[in-house]
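Residue numbering restarts at 1 for every chain, and letters A, B, ... go by the order of the sequence lines. The structure displayed is predicted, hence computed values, not measured ones.
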Amino acid sequence: GENVEQHPSTLSVQEGDSAVIKCTYSDSASNYFPWYKQELGKGPQLIIDIRSNVGEKKDQRIAVTLNKTAKHFSLHITETQPEDSAVYFCAAAARQLTFGSGTQLTVLP
Amino acid sequence: ETGVTQTPRHLVMGMTNKKSLKCEQHLGHNAMYWYKQSAKKPLELMFVYNFKEQTENNSVPSRFSPECPNSSHLFLHLHTLQPEDSALYLCASSQGGGEETQYFGPGTRLLVL
């Protein structure tokens with residue numbers, strides 16, 4: 001089955017700096033790659049997603065890049081703000097979604 | 001909010017109790033999911049229902065019993081649980097299965113004593 005590796009597990013950045021989270025996957029049949037943000041006491045919420053026919057997608061301060069050849073994709077957050085502090089999960093879907101283990105992002109004021 | 005509600009939000013139960021978790025989605029979706037989220041581990045898919053039919057059971061112990069009476073409601077019946085079953089149980093829904101975007105509820109925090 002699919003295996004998704006996510007790095008780093010924790011990430012601290014200064015407010016205003018950029019944050020990058022990287023994921024690799026194993027199943028070349030995966031075609032859908034969402035990113036979720038989970039705040040304390042809440043369920044994961046979709047923040048951006050990308051499909052395999054696209055190499056990059058951007059939504060304001062958030063961007064995702066996908067390299068299907070290398071089987072890796074990344075989340076980029078620019079101009080980070082304290083409210084960006086949360087756990088971020090990547091996922092890859094062939095038949096079902098498989099999630100990475102999460103990255104605890106802390107944005108220091 | 002995402003349109004997926006879960007009750008109760010918190011639950012404490014003994015190992016001999018029987019309880020049920022409830023999930024309801026207001027999005028008109030056809031697929032519903034149960035996930036288990038433990039500390040420091042990836043979300044674990046437990047069950048998938050598509051058009052009320054169970055299409056996935058990821059080797060979940062029989063002490064967890066799902067029920068999907070219609071496309072909007074999903075239950076997880078719990079009996080004779082173990083302390084290691086303590087976790088956050090998340091429900092999600094999507095328009096279809098597989099590569100469709102999933103929308104999650106807030107979860108039920110379960111503690112088994």
Side-chain angles (χ1 to χ4, degrees), chain A residues 1-11 21-54 57 59 64 66 68 73 86-104, chain B residues 1-10 21-27 29 31-50 54-60 74 87-110:
Chain A
E2 176 67 277
N3 182 47
V4 177
E5 301 275 345
Q6 182 172 347
H7 299 280
S9 57
T10 60
L11 178 61
I21 302 170
K22 298 183 178 182
C23 289
T24 61
Y25 62 99
S26 60
D27 189 345
S28 56
S30 289
N31 284 313
Y32 175 59
F33 307 90
W35 286 88
Y36 286 86
K37 175 183 180 183
Q38 187 173 23
E39 296 174 278
L40 205 59
K42 296 184 178 181
Q45 299 223 356
L46 180 75
I47 55 171
I48 195 168
D49 57 11
I50 192 168
R51 296 190 184 268
S52 61
N53 56 345
V54 175
K57 185 176 178 181
D59 182 4
V64 58
L66 171 64
K68 281 223 78 179
F73 56 114
V87 179
Y88 291 80
F89 293 94
C90 65
R95 199 167 57 86
Q96 293 293 351
L97 271 186
T98 300
F99 286 83
S101 53
T103 296
Q104 172 70 62
Chain B
E1 297 302 324
T2 62
V4 181
T5 58
Q6 289 187 245
T7 54
R9 293 294 310 276
H10 302 272
L21 310 185
K22 179 183 175 182
C23 175
E24 184 174 358
Q25 58 97 358
H26 310 272
L27 301 169
H29 289 166
M32 297 188 77
Y33 310 78
W34 280 117
Y35 287 88
K36 176 183 179 182
Q37 186 175 34
S38 305
K40 310 289 185 186
K41 293 173 74 173
L43 274 73
E44 299 173 54
L45 180 64
M46 300 175 71
F47 301 104
V48 181
Y49 278 82
N50 213 335
Q54 188 180 122
T55 58
E56 195 89 21
N57 176 340
N58 274 1
S59 304
V60 180
L74 185 64
L88 182 69
Y89 288 84
L90 291 161
C91 173
S93 72
S94 64
Q95 184 58 48
E99 299 176 14
E100 298 283 339
T101 301
Q102 293 184 21
Y103 296 87
F104 284 84
T108 295
R109 175 69 63 186
L110 174 66

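When each of A/Val4, A/Asn31, A/Val87, A/Thr98 is checked for heavy-atom pairs under 4.5 Å with chain B, A/Asn31 comes out on top. Among A/Ala91, A/Gly100, A/Ser9, A/Ser30, the residue with the largest count of heavy-atom pairs under 4.5 Å with chain B is A/Gly100. Counting heavy-atom pairs closer than 4.5 Å to chain B, the top-ranked of the candidates A/Gln6, A/Arg51, A/Gln104 is A/Arg51. Per-residue heavy-atom pair counts under 4.5 Å with chain B were compared for A/Ser101, A/Pro44, A/Ala93, A/Ala94, and the maximum is reached by A/Pro44.
Within a 6.0 Å sphere centred on NZ of A/Lys68, other residues, nucleotides and ligands contribute more than 12 heavy atoms.
Residues A/Gln38 and B/Leu88 meet the side-chain proximity criterion, which asks for heavy atoms closer than 4.5 Å. Side-chain contact between B/Tyr33 and A/Gln96 is present, with at least one heavy-atom pair separated by less than 4.5 Å.
For B/Arg109, no part lies under 4.5 angstrom from a heavy atom of chain A. If you measure heavy-atom distances from B/Leu90 to chain A, the contacts under 4.5 Å come from the side chain alone. Neither the backbone nor the side chain of A/Pro34 comes within less than 4.5 Å of any heavy atom of chain B. If you measure heavy-atom distances from A/Phe89 to chain B, the contacts under 4.5 Å come from the side chain alone. Within the 4.5 angstrom heavy-atom criterion, only backbone atoms of B/Glu100 (N, CA, C, O) approach chain A.
Of the possible donor and acceptor atoms, one in the side chain of A/Tyr36 sits under 3.5 Å from a partner among the backbone N and O of B/Gln102. Listed for the B/Arg9 side chain is a donor-acceptor partner under 3.5 Å among the backbone atoms of A/Gly41.
For the atom pair OH (B/Tyr35) and CZ (A/Phe99), the distance works out to 4.5 Å, reported to the nearest 0.5 Å. For the atom pair A/Leu97 CG and B/Leu45 CG, the distance stands at 8.5 Å (nearest 0.5 Å).
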